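Source: prediction; values computed, not measured. Chain letters run A, B, ... following the sequence lines, proteins first, then strands; residues in each count from 1. The figures that follow rest on heavy atoms only: side chains count, while hydrogens, waters and symmetry mates do not.
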Protein chains: 2
Amino acid sequence: MVTDWKSLATAKRDAILNSIPENWRLPKIPSAEEQKDVTGPYIQQFLDKKEVEITETDAVGIAEKVAAGTWSAVDVTQAFCHRASLAHQLVNCLHETFFDAALADAKALDTYYAEHKKTKGPLHGVPVSLKDQFHVKNVETTMGYVGWIDTFEGKKGDSRQKTYESEMVRELRELGAVLYCKTSVPHTLMSGETVNNIIEYTWNPKDRYLCSGGSSGGEGALIGLKGSPVGFGTDIGGSIRIPAAFNGLYGIRPSAGRLPYEGMANSMDGQNSVLSVVGPLGTSARSVTFLVKSILSQSPWLYDPLVMEMPWRNDQYQRVWDRVNSPTGELTFGLMRTDGIVNPQPPVARAVEMVVQAVEKAGHKVMDWKPPAHAEGLATTFNTWMYDGGKDVHSAFALSGEPMSQQVKMTYGTEPKPEKTASEIAQNNVAHRQWKKQWMDAWNATASSTNTGQPIDCIIAPLAPYAAARPEKYKWYAYSAFVNGLDYTSVVVPVTYADKSMDKYEEGYKPMNENDQAAYEDYDAEIYDGAHVAIQLIGRRLQEEKMLAIAEYIGQILGKESIP
Amino acid sequence: MVTDWKSLATAKRDAILNSIPENWRLPKIPSAEEQKDVTGPYIQQFLDKKEVEITETDAVGIAEKVAAGTWSAVDVTQAFCHRASLAHQLVNCLHETFFDAALADAKALDTYYAEHKKTKGPLHGVPVSLKDQFHVKNVETTMGYVGWIDTFEGKKGDSRQKTYESEMVRELRELGAVLYCKTSVPHTLMSGETVNNIIEYTWNPKDRYLCSGGSSGGEGALIGLKGSPVGFGTDIGGSIRIPAAFNGLYGIRPSAGRLPYEGMANSMDGQNSVLSVVGPLGTSARSVTFLVKSILSQSPWLYDPLVMEMPWRNDQYQRVWDRVNSPTGELTFGLMRTDGIVNPQPPVARAVEMVVQAVEKAGHKVMDWKPPAHAEGLATTFNTWMYDGGKDVHSAFALSGEPMSQQVKMTYGTEPKPEKTASEIAQNNVAHRQWKKQWMDAWNATASSTNTGQPIDCIIAPLAPYAAARPEKYKWYAYSAFVNGLDYTSVVVPVTYADKSMDKYEEGYKPMNENDQAAYEDYDAEIYDGAHVAIQLIGRRLQEEKMLAIAEYIGQILGKESIP
C-alpha cells in the first residue's frame, strides 16, 4: 500500500474530473502563458447568458430571485454546477462534486416553494460550496490526504464514512441551502498555498502564475471564478482570509465559538489554545453577512459544545450604519502599515494607502497602531501549531506513504519533533493570555487619543505581505496569524489590482532582515500585474456584526460593494 | 529554609490572629463538643443590636439601606469587620484582614455620597469578601502555601508583590464595594475541605465536627457565619458550590468566560481544557444575582481576554418569572437522584425529594434524567486536573518543604506523576468534547417528552453525596465536577437541615461499590444532625440569568428565600 499512493492519488484525481458531465468538459486547458486570467470574459464564453447572469449574482441576490419565484432553485443549481465544473478544469479547485444530489435537493426546494408559496429558509436555493473538511453524506472527505481516501478521517471501516454529516451541513440544509461540491485544501491545512498529491495545485484564476491562497484555496479559486456565490472555509492562521484576499473576495474570520465547527475533519484536533474557526467567503460583503446571520438563526449553541449563545446582534450591526450616516458618527481606524518584520510588497502597501485615503475622505480618523509585544505574541501563537511536534500530520502522511509538499515541510519538517509536555503547554498558554491582555489594554488606551473618546473601532492592516504568492513562496504568515492568536474578528476587503506601472519597491530598498529580503525578492511586477489586492479590517474579539458592517461600508466607499 | 516551614506558618497564623483588634478577641474558643453550632444566637452574643441587624441583612438589603442613607458605609464595614473577626476565631476562615483600608474606603464612599447625593455604583458600601486567590494591593496572597509567604505567587522579589490588583478587584472598587478580608483555601485549591499549614482547618460553623467545604471554604464559613454578606470564590470541580451547600448559602458556578478571572492566582494556570471559574456565594439568591449583574455592568470583556461579550440578559431572567407567574408557564426539571456510582447520604436524598415535591406542588413537571456517558465524561474531566502529573502543585510545596495534607495527597500523591504529552492532551480534549456533544443531544431530545415541547429547563441533582464532609472524608467529587466538565451553569440552593430522626440509610442498605461503601460508612446521623443540606440546579452552558431566576424561585417556594 505504501508504494501505491501515486495510483490512488491519480485514480482520485481522475474520478473528480470524471464526475464532471461530459458536455461540460473543456477540450483544452490553456497554460498560464496562453491565458493568465481565466475570470470574466474567458470563463463566460463557455456559459449561456442566463448562466452568466445567475452565477454573477451574489448570494443575497440569488436568495431574493429564488424567493420571488424569478429563478428556480434547479436553474440556479444547474448554472453553478456548470460554472464550478469549468472552474475546476481551469484551476483544480474541487475535491468532490455531488451535482445529482444537489439537483435533487434543488428540485425538492422548488416543489416545497410551489406547494407552500414560501421558502424553506433564508438560504432557499442558494448554492453553498464547502471546504473539504465538512462531512456530507454519500461524499468522501480526504482533506487532501491520499491516506484518507476510502476511510473516515483515515480510519478504515468506520461506520461514519459517507454517512455522517457535520453540524453546519445540517444547519445549511435546514436553511434551504443547496450543497453541491467540496473544495480543495492543502494537505494538513497548514499552508497559504493549496497543494496536495490528489489535485496537485490550485491556481489563482485571476493570475494563474500565482496561488489561490490556502488553506481554503479551493473556496477562494472557485468563488473567485464565480463557480460558487459563497462558501465556507476555516482559519487557524489565515486560511479563510488568505484565499479571500487573493481572489478579490470578502471573507470573515469570526472569533472562536461563534459559528459551529462541530463534526468537521481537522488537523491536530484537540489542540485548544488557538482554535481553527469556520466562516464564509463570498463575492460581496453583504452575502458574507447574510451567511453568518443565517447560521446564527439556527441556534448553533444548542448543537455545538464550543459555540456560545450569541445570536446575531443586529443593534451592533446597525449602530455602524447609524454612525456613518450621521455627521457626528466618526469612526476611528488604527493603522498598521507594517508589522516591522516583513514589509508588504508594493501592491499591498498601495492598497492600504487607498483604504486610508478613502476613509479619511469620508470623514473618519486614522491613527497609527503599533501592535504590542508582536514578536512574543507571534511566538506563543505559532508554538500552538507545534505542540505535538507534527505527530498528527506526519501520521496522516504515513497512512499512504505519500510525500509532504515543500510548503508544508517548511512548518513540519521531514520528521516529527518532540512533543510538548503539559506544563510547557500551560506555560505557553499563560504567556499567550498575557499577550492578549496587553492588546486589550493598549486598545482601551486609544480612547485617550480619539476624537470620540472611545477606543479605535478597528485596525486597517495587510492580510499578507503578498497580493498572492508564487508557488512555494508563501513564507510569512504573521499578518494573518497574529489575529488568530488574539482570537479577534477580521474581515478581508478587496481593494484593487496589482499594477506593474505603479507597484514597485522604492529605488534602493534595503530589506530589514532575511524574511523581508525573501518578500522583496519574491515580488515580480510583471507576474503580479492584474492580481487582486486586499486588506483586512481587524476588530476586537466577537465583533462580527460590527466588523461586517464596517467591511460593507468600506466596500461601498471604495466602490467595490454596491450600495443595496 | 526548607526546615523552617513550621515557624513561617506559625508566624503567619499568629499574624492573622493579631490583625484582629484586641477588643474583638474572644477570651476562649469553645470546642466542638462544647459548642457544635456557633451560628445565630451563639455569635450574636458578641455583637450589639445594630451590628446584628446590619450583618444579618443580605447584600441587596445593605445596598438599599446605604443608598437610602439609613446606614453609612462605615457602620456597615465596621459591623462586618467585627463579625468576620469573631468568625475567624471560631472556625479559622481568614487568610488576610485589611480592616483599616476597608474603613478608609468606606469613609471615602460616605464622603462621596454626602457630596454627590448619590452612590458611586450599585455596590456602594457593600462589603465583599474574597477568596485568597485575588490580589489586593498592600495585602499578601498565599493561597494557603507557606512557600508563597512574602512572595508574588511563589516568586521572590517580584514587583507585583502587594502592588498588583486582580481585574475583578478593580471592578468591585468601581462598583463601590468595600473589600476587607481574604478567606481561607486548601493549599492547591484542589480539595472539598479547607486545610493548609497556615490556618490549619476551616470548620463548618453550623456543625463544627464537619468541614466548611472547599476550596472556597473560607468564603463558605465566613458568609455562613454572616461575617460577610457575599463573596467571591472559584470553582474547577465544585469549589464555589461545595462551600455554598455546606454553609446554607446560594452560590453560582457560571460558565467559563462569563466573569473575569484575569490576574488571579491559581493552580495549574494555563491548563485550558476545564477552566476554573469565579463566582459569588451569598446569603440570598437575589444577592448572588445582584453581584453577577453588577460585575457584568463593568464590561469585563474589555479587560479580560477570556471573558466573552455577554452583558446581563435581563430578558432571560425575566422570562422565568413571567413563566412561573403564568398558569401555562410550566417549568420542566430533569431529576438526577443519583449518579449511579455513589448514592447521596440520607440528608441529601431527602433534600432532593423536598425540592421535587415543592416544584411539583407548584405545578411544574419533573422527569428522570440519566446523565449520558457519565463515567467516560468524568474520566475526561478528571484527566484535565492531572495533565501535568501534579508538577505545579508539588513545586509549590517544594518552595518551603511543607507537607501536603492528606486531602490533597488523595489526588496528587506524594510524588509528581509523568506529564501528559500534547497528543495525549489533544486526544482527551476530543473525547471530552464528544461527551459534551452527547449531553447536548440528550438534553435537546427531552423536548419530545415535556408538556411544553421545549427541552427541560434544568436538572435537580445532589451537589455532593454529603451534607458536609467529616475531616479527610471528602472523597467523591463527581456530583460537582461533571458540571465543570460540561461547563454548565449551576446554582446551589439551600434546602433543609440534617435530622437524625429522619435521615437514616434504609435497613440493610447494600453499597454498590467501594466508593458507595465509603459514603455509607462516613455518614453518622448524630454528627450530621443540624447540618445544612442543599442541592444544585444545573442549567445549560451560559444560562446564568435563567438559572439565577430559577434558584430564586425555588428558594421562594421552599420558603428559604424571601419574596422581595
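When each of A:Glu167, A:Arg313, A:Glu262, A:His432 is scored by its heavy-atom pairs under 4.5 Å with chain B, the top score falls to A:Glu262. Between chain A and the residues B:Glu424, B:Gln427, B:Gln543, B:Met308, the largest count of heavy-atom pairs under 4.5 Å involves B:Met308. In terms of non-hydrogen atom pairs under 4.5 Å with chain A, the most contact-rich of B:Gly257, B:Ala426, B:Gly389, B:Gly263 is B:Ala426. Heavy-atom pairs under 4.5 Å with chain A were tallied for B:Arg433, B:Gln434, B:Arg540, B:Lys391; the largest tally goes to B:Arg433. Residue with the most contacts toward chain A among B:Gln271, B:Arg541, B:Lys420: B:Arg541 (heavy-atom pairs, distance under 4.5 Å). The residue among A:Val430, A:Ile425, A:Thr421, A:Asp269 with the most heavy atom pairs within less than 4.5 Å of chain B is A:Asp269. Residue with the most contacts toward chain A among B:Asp388, B:Asn428, B:Leu302, B:Leu542: B:Leu302 (heavy-atom pairs, distance under 4.5 Å). Interface remark: of the candidates B:Asp441, B:Asp392, B:Leu306, B:Leu306 forms the most heavy-atom pairs closer than 4.5 Å to chain A.
B:Glu545 contributes no side-chain N or O that, together with a main-chain N or O of B:Asn314, makes up a donor-acceptor pair within less than 3.5 Å. In this structure a side-chain-to-backbone donor-acceptor pair under 3.5 Å is present from A:Thr446 to A:Ile456. With hydrogens and angles ignored, the 3.5 Å screen pairs no side-chain donor or acceptor of A:His135 with any backbone N or O of A:Phe152. B:Trp312 contributes no side-chain N or O that, together with a main-chain N or O of B:Ile295, makes up a donor-acceptor pair within less than 3.5 Å. Counting only distance, with no hydrogens or angles, the side chain of A:Ser255 and the backbone of A:Asp487 share a donor-acceptor pair below 3.5 Å.
Proximity to chain B is limited to the backbone of A:Trp301, based on heavy atoms less than 4.5 angstrom apart. At a 4.5 Å heavy-atom cutoff, A:Leu486 makes no contact with chain B through either its backbone or its side chain. For A:Asn444, the part lying under 4.5 angstrom from a heavy atom of chain B is the side chain only. For A:Lys437, the parts lying under 4.5 angstrom from a heavy atom of chain B are both the backbone and the side chain. Using a 4.5 Å cut-off between heavy atoms, A:Gln438 does not touch chain B at all. Using a 4.5 Å cut-off between heavy atoms, A:Ser273 contacts chain B through both its backbone and its side chain. Looking at A:Glu419, only its side chain comes within 4.5 Å of chain B, counting heavy atoms on both sides.
Side-chain contact annotation: B:Asn429 with B:Tyr387, donor-acceptor N/O pair under 3.5 Å present.
Using a 4.0 Å cut-off between a side-chain N of Lys or Arg and a carboxylate O of Asp or Glu, B:Asp304 and A:Lys436 do not qualify as a salt bridge.
The aromatic rings of A:Phe382 and A:Trp385 sit perpendicular, their planes meeting at an angle over 60°, well past the 30° parallel limit.
Separation of atoms CD (B:Glu376) and CG (B:Leu378) is listed at 9.0 Å; rounding is to 0.5 Å.
Looking at heavy atoms from C-beta onward, B:Arg170 lies in side-chain contact with B:Tyr303 at the 4.5 angstrom threshold.
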